[in-house]
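Each ligand, and each atom within it, is numbered from 1 in the order the structure gives.
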Amino acid sequence: MRQFYRKFHMKRDKKQKIAFITGVTGQDGSYLAELLLRKNYEVHGMVRRSSTFNTTRIDHLYKDPHKKGVNLFLHYGDVTDSNTVYKLLGEIRPDEIYNLAAQSHVRVSFDLPEYTVNTVAIGTLRLLEVIRDLKLESRFYQASSSEMFGDAKPPQSEWTPFQPRSPYAAAKVLAHQLVGVYRDAYGIFACGGILFNHESPRRGETFLTRKVTLGVANILAKKQDKLYLGNMDAKRDWGFAPEYVRAMWMMMQKKKADDFVIATGESHSVSEFVELAFGLVGLNWKRFVKIDQKYFRPTEVDFLQGDFSKAKKILGWKPKVKFEELVKIMLNSDLKKVGLSLKIN
Ligand code: NAP
Ligand code: G4F
C-alpha cells in the first residue's frame, strides 16, 4: 500500500492538509475520514490486518490508488506495534493525527484488561512519544471518553474528577492524562475530546443502541424471537456520531490545544431506549426482551449526562440530533438492512 502513497505524494498540492487516523475502520474513523475528504484533506488511515475484511465502513471511500485525484491512503499498522507507528508517522508527517484506535467495548475490557490497557493507554503513549522523538509539528487528537467520569455526579464537565469503573475507563484516564502531560511538558498541540456516547447506523452491533435497533428489525422480520440484554437502569447521554467527529475537527483548528466535553446534555435510561425502539414499530418490548446476567458488568457507570457549555462557547459546537431522532435514524437503517420496506417518520 505504502509505495503507491510515496509515488503520488510528490504531486500533492502543498496547501493540502494531511491527516493520519488510527481506528479509521471504526464508527468514528469512517465518519471522520468522510468529513476530512470533503474538506480536501489527504487522509491516511491505519488499518489492522485481519483474516476477513474489516474495512466495510470505509469501502465507499476507497479508490484505486493508481487513479488520479486519490486522497485516501490505507496502511497496515497497529497501535501495539511501535516500530510501524514510528515508520508511518516519520514518512507521512501529518498535520493532524486523530487517535481513535481502541478496544472500545467496556464489558469486553473486563475480559481483556491487559490488551485494553495496551491499545488504549500505551497505544496513546506510543504515538505521543513518536511525535516527540521525531519532533513532528503534528496536532494530536485523543479520543477520550465520558466513561472516565464513572461514578461522578452528573452533569459531568471538564472540571469533574474522574472515577473510572472499568479497565477501559482506567486506561482512557491514563491516556487522557498523558495527553495533558505531553502538552505541558513538550508543547505538543494535543487535545482530549471527552466524548459522551455517540451512535449511528455504523455503530458496532454489540453496543447497546445498535443491538436494540438491529434486534427490533430482526424480530419484526421474524429472524429473531428474543433480545437478551443486561442492566436496563443505566442512563446515558446519547448523541449522533457524525456531529461528534465534526467537534473533533473543530478542536484541532483552534489556536490553543484544550480538552472539551462533547455531549447532548440529555440523559435517557437503557429501558427508555428499548421502549421507544420497540414502540416505534408497534411492539411491546416486554414480550421480547429477556435479561441475561452475562451482559452485566462487574461495576457499572449508572448515570452520564454531559455539560457541553465549554464546547458551545469556545468551539461554537452544539448537537442537532436528539434522542428520538437518533433512535429513528438507527431503526430505519436496520429495518432496511433486514429487507423490510417499513419507514418510521
Ligand atoms: P470502534 O467502532 O470500536 O472503532 C475502534 C477502531 O479502533 C477500529 O477501527 C478498530 O479496528 C481499531 N483498533 C482496535 N484495536 C486496534 C489496534 N490494536 N491497533 C489499531 N487499531 C485498532 O470505536 P468508535 O465508536 O468508532 O470510537 C472511536 C474512539 O472513540 C475509540 O477510541 C473509543 O474508545 C472512543 N470513544 C467512543 C465513544 C462512542 O460513544 N462511540 C465515546 C467516547 C470515546 P477494527 O475495525 O479492525 O476492529
Ligand atoms: O452501549 P454500551 O456498551 O456503551 P458504554 O458502556 O456506555 O460505552 C460506550 O460509550 C463510552 C462513552 O461513555 C465509550 F467510551 C465506549 O467506547 C463505548 O462506546 O452500554 C451502554 C449501557 C451500559 O450501561 C450497559 O450496561 O447499556 C447497558 N447494557 C444493557 N444491556 C448493555 C446491554 N450494553 C451492551 N453493550 N449490551 C447489552 O446487552
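Contacts with ligand 2 closer than 4.0 Å are made by heavy atoms of both the backbone and the side chain of Leu229. Proximity of Arg203 to ligand 2, defined as any heavy-atom pair under 4.0 Å, is confined to the side chain (atoms from C-beta onward). With a heavy-atom cut-off of 4.0 Å, His105 touches ligand 2 through its side chain alone.
Annotation: atom 4 (O) of ligand 2 to nearest protein heavy atom, Asn197 ND2, 3.7 Å. Nearest non-hydrogen protein atom to atom 26 (O) of ligand 2 is Glu300 OE2, 2.6 Å. Distance from atom 37 (N) of ligand 2 to its nearest protein heavy atom, with residue and atom name: Thr206 O, 3.9 Å. Among all protein heavy atoms, the one lying closest to atom 12 (C) of ligand 1 is Gly23 CA, 3.9 Å. Summary of contacts: the protein heavy atom closest to atom 8 (O) of ligand 2 is Val106 CG2, 3.5 Å. Looking at atom 46 (O) of ligand 1, its nearest protein heavy atom turns out to be Thr25 OG1, 2.6 Å.
Under a 4.0 Å criterion applied to the non-hydrogen atoms of Tyr168, ligand 2 contributes the atoms 14 (C), 15 (F), 16 (C), 17 (O). Atoms of ligand 2 found under 4.0 Å from any heavy atom of Lys211, numbered from 1 in the order shown, are 38 (C), 39 (O).
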Using atom types as modelled, flag every donor-acceptor pair under 3.5 Å from a side chain in residues 134-150 to any protein atom, sequence neighbours excluded.
from, atom 1, to, atom 2, distance (Å)
Ser138, OG, Pro94, O, 2.7
Arg139, NH1, Met252, O, 2.7
Arg139, NH1, Lys254, O, 2.8
Gln142, OE1, Asn99, ND2, 2.8
Gln142, OE1, Thr124, OG1, 3.4
Ser144, OG, His176, ND1, 2.8
Ser145, OG, Glu147, N, 2.9
Ser146, OG, Leu195, O, 3.4

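Residues Glu96 and Tyr98 have side chains that bring a donor and an acceptor to within less than 3.5 angstrom of each other.
Stacking of Arg48 on the aromatic ring of Tyr76 is not recorded, the 6.0 Å distance cut-off and the 45° axial limit not both being met.
Other residues, nucleotides and ligands contribute at most 12 non-hydrogen atoms within 6.0 Å of the CD atom of Glu114.
Considering backbone and side-chain N/O of Asn197, none are found under 3.5 Å from N/O of ligand 1.
The aromatic rings of His44 and Phe73 lie parallel to each other, their planes meeting at an angle below 30°, with 60° marking the opposite boundary.
For Tyr228, there are no ring pair (Phe, Tyr, Trp, His ring centres under 6.0 Å) partners two or more places apart in sequence or in a different chain.
If you check each of Arg236, Arg297, Gln156, Arg107 against atom 20 (O) of ligand 2, the one with the closest non-hydrogen atom is Arg297.
The closest approach between Arg203 and ligand 1 falls below 4.0 Å for a heavy atom of the residue.
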